[in-house]
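Working notes, structure below.
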Amino acid sequence: MPALLSRLGRLAFRHRRRVLALWLASIAAVVGCMIAFGGTGKLDDTFSVPGSESQEALDRMKTDFPAFSGTSAQVVFIAPAGHKVTDPADLAAVNTALDAARSAPQVAKVVDPVSAHTISADGSTAVAQVQYEVPQSSLQTDSVDALKTAVSSAHTSGLDVQVGGTALGSATSKSSGSDLIGIGVALIILALTFGSLLTAGIPLVSALAGVTTAIAGLLSLTGVTAISSTAESLALMIGLAVGIDYALFIVSRHRSQLAQGADPEESAALAVGTAGSAVVFAGLTVVIAMAGLSVVGIPYLTVMGLAAAGAVLTAVLVAVTLLPALLGFAGARLTPRPGSRALRREEALARTDNRPANAGERWFRLVTRRPLVTVMAVTAALLALAWPAHSLRLALPDNGTAPPTSSQRLAYDRITQELGPGLNGPLLVLADTSHTTDPTVAAVHIATTIRDLPDVAAVGNPITNPTTHTALIQVIPKSAPSDEATKTLVNTIRADEASIQQQTGATISVTGSTAVGIDVSSKLDSAMIPFASVVVGLSLLLLLLVFRSLVVPLKAAVGFLLSTAATLGAVVGVFQLGHLGHLLGVDRAGPVSSFLPIILLAVLFGLAMDYEVFLVSRMREDYVRTRNPIGAVHSGARHSARVVTAAALIMVGVFAAFLITDNQMLKQIAFALATGVFLDAFVIRMTLVPAILALARHTAWWLPGWLTRRLPDLDIEGERLHQVLADRGGETVARLVPPDDELSMSR
């Protein structure tokens, strides 16, 4: 692979104008497709679990009870102090507003508070139910706005009106300028790393080209498939972060070679062949991990994984094609100026004495001085941070996590306060009465049975459809949609199905948005262990192939599990237990998003492999030449610690910039990824890994002979490419490759 990538890099360098033109044409094409066929206005945030009881019942309701099969909104009327909504004037204003709501677009049915018995005990609050004929994914943007306008007439009577419900959702995943903040942070770090705005700008330009292509391509598909706003934001977040990082690794190697006097074209080709090989490998691990989310069988998660995988794949393509073309345009101008700090750093790296060349090498020397103490201290600290994860509680976000000043959050809080939290997430029980002697009596019996269950606040009168022999019963829990008690109630009703069928001959299914959310969480929870096993197994296999060692893959897998557990513990502490949550704009503690753990596993696995490859490959390269295990660890720090530090800080900065979003799910994902990358890069890869390698010494690079002969040699470090360059000869090339005696040792 290094030789192929080197030729590709050389080709892009020489034909840079054509390569740039092709990329600009590609960007223009996908942007045009986005404008013509898609766009953010067609994003779909609907959750579904094909094959689940709740989803099958919801699908059947489309024919049996079409007026109740779509999404719904709640209109909350609040009387002024000293008044009641049942006062004649106020009740008239409520009815007038609801009459207008019935004429709003896509509205199928409006149930007034008197008929629904949803008036608070003190008469201060009334809740009307608005049923739409379509799911939230098919709800037009102006339909909700039209509903708000229709009911606003009640304001003239002094009533406060808030509109909530699942039709509005908890919040859309808008970047809120997060991408610009992330770019600004990255530019500062790159400028400090390279000491040159021109050099710092190249990774940003290439990353922006990649993320623009990926996001525009993703949005162009919204017209033909369901793509969520969270999937768009996740693809933007990850695409921007890895795009900058991948370019950083290649540009850093290129600039180091230029400082040694290399010809720009030779240097670009070698940088793409060596650092580019690691980029391709690392990128493919992220792509595989993210695409692997599709095996869970939840469309919402599948789209998130494929969107992120597409963004990473685009970043890799940009890094090995467009980036060398940009290096060609820059030419020799990227060479550090004589007397500059950048040149002094490169000269320090080239020294052959035993003095530390940079802060990274000094840190590695410190942690390897007493490696056992380092291993024990790091492990204890990470396990302590991971401890809160044992109380992890998963649920999908609801309007209780919407922005505090939003209409849906105000409606949610008022309903909770005056009529109980369960009204924010009613359950729907669909009964098939086709095999009963008296469908009406059977439906009443089912309603009575459910009414006697614990945690049931109210049960509505059954609505029957004689044509299809079905009945629909609304159940109001005493607990909130995301509470564990609501999940228990759903499971209890389902567990009573056999008894109900024996007594009445009817079969029942629990559905509704709350039940769908519970089924999503259950399916994700059951998929966690298998998916984690696949991810850890894949990491062991990939690192075994790359480093041809048993210890390196094992300690990488253990480190990955430690950083993931510690990250989950931090997420639980902040978002579920409320520790320091106010610093991140978290005004209410609650369950962790059901999607977060499995997304964290996939993303952090890929990124952990990035730093493992970039850092440890330098150590292995040195060990193969010198057979000095401690010196190899220090050499890896000398050549890689600075660029890995910059890459990790950039990624942390990009992810952290998304913490300003109002969307609770995206905020949790951003915090988890920023924390996970920080812990994995600085605590695991730059502290625990060198300590373990120092403890293992020669054993760290040992592989049984029989296994050595059977494993393919991927040559990620580009040793064969170095050999080709050495055989080609020449003064310039000689500066870029190890001496012949060192190459012979590597063979």
Side-chain angles (χ1 to χ4, degrees), residues 43-49 54 71-74 135-137 139 164-176 226 228-234 237 298-301 303-304 392-413 415-416 421-426 477 479-484 486-487 490 512-525 568 571-572 574-578 581 584-600 658-673:
L43 292 172
D44 177 5
D45 289 297
T46 302
F47 298 103
S48 65
V49 192
S54 58
T71 188
S72 64
Q74 293 169 315
Q136 186 186 15
S137 58
L139 194 64
T166 56
L168 280 77
S170 57
T172 55
S173 304
K174 295 180 180 178
S175 63
S176 304
S228 68
S229 57
T230 305
E232 179 209 6
S233 296
L234 182 66
M237 192 191 321
I298 297 178
Y300 190 93
L301 184 63
V303 172
M304 289 178 68
L392 175 67
R393 188 161 57 91
L394 301 176
L396 290 181
D398 54 33
N399 286 339
T401 61
T405 58
S406 64
S407 176
Q408 58 265 47
R409 173 65 177 275
L410 294 173
Y412 184 99
D413 290 345
I415 291 172
T416 300
L423 190 58
N424 286 302
S479 50
S482 60
D483 285 353
E484 192 67 25
T486 304
K487 178 181 178 181
V490 170
S513 59
T514 300
V516 170
I518 290 172
D519 287 346
V520 168
S521 298
S522 297
K523 187 158 187 175
L524 287 169
D525 190 45
L568 282 176
V571 171
V572 170
V574 172
F575 292 94
Q576 185 175 311
L577 304 180
L584 302 178
V586 181
D587 68 298
R588 173 180 291 172
V592 174
S593 169
S594 303
F595 291 102
L596 186 141
I598 202 163
I599 290 175
L600 178 66
F658 282 79
L659 288 170
I660 65 174
T661 179
D662 287 334
N663 182 275
Q664 186 82 339
M665 183 190 296
L666 186 60
K667 188 188 290 283
Q668 290 182 2
I669 292 174
F671 175 81
L673 294 183

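This structure is a prediction, so every number in the text was calculated from the model and none was measured.
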Would you name the heavy atoms of [X] and [Y] that are closest together and state the gap between them?
X	Y	value
Ala73	Ala167	CB-CB, 4.1 Å
Ser594	Leu524	O-CD1, 3.4 Å
Pro421	Pro481	O-CD, 3.9 Å
Lys667	Leu659	NZ-O, 2.6 Å
Ser521	Ala395	OG-CA, 3.6 Å
Gln74	Leu423	NE2-O, 2.8 Å

State which residues pass salt bridge (charged side-chain N to carboxylate O under 4.0 Å, His left out) with Arg588; sequence neighbours excluded, sorted by chain then number.
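Scan of Arg588 (salt bridge (charged side-chain N to carboxylate O under 4.0 Å, His left out), adjacent residues dropped) gives Asp413.
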
Which distance, rounded to the nearest 0.5 Å, do you find between the [atom1] of [X] and the [atom2] of [Y]?
X	Y	atom1	atom2	answer
Ile669	Met237	CD1	CE	6.5 Å
Thr401	Gln408	OG1	CD	9.5 Å
Lys523	Leu301	NZ	CG	10.5 Å
Leu396	Ser593	CG	OG	6.5 Å
Ile599	Leu234	CD1	CG	6.0 Å

All side-chain hydrogen bond (donor to acceptor under 3.5 Å, both in side chains) counterparts of [X], not counting sequence neighbours:
X	value
Thr71	Thr166
Ser228	none
Asn424	Thr416

Flag side-chain contact, heavy atom, 4.5 Å: Lys487 against Ser522
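Side chain of Lys487 against side chain of Ser522, heavy atoms only: contact under 4.5 Å found.
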
If we only count heavy atoms from C-beta on, is the Val586 to Gln664 side-chain gap below 4.5 Å?
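Heavy-atom side-chain distance check passes, below 4.5 Å.
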
Any donor-acceptor pair under 3.5 Å from [X] side chain to [Y] backbone:
X	Y	answer
Arg409	Ala402	yes
Ser406	Pro403	yes
Arg393	Gly590	no

Residues in side-chain contact (heavy atoms from CB on, under 4.5 Å) with [X], at least two apart?
X	value
Pro597	Leu392, Leu394, Met528, Leu568
Ala672	Thr567, Val571, Leu596, Leu600
Ser479	Asp455, Pro477, Asp483, Ala485, Thr486
Val574	Leu584, Phe671

Set of ring-ring contact (aromatic ring centres under 6.0 Å, His included) partners for Phe595, sequence neighbours left out:
Phe47, Tyr300

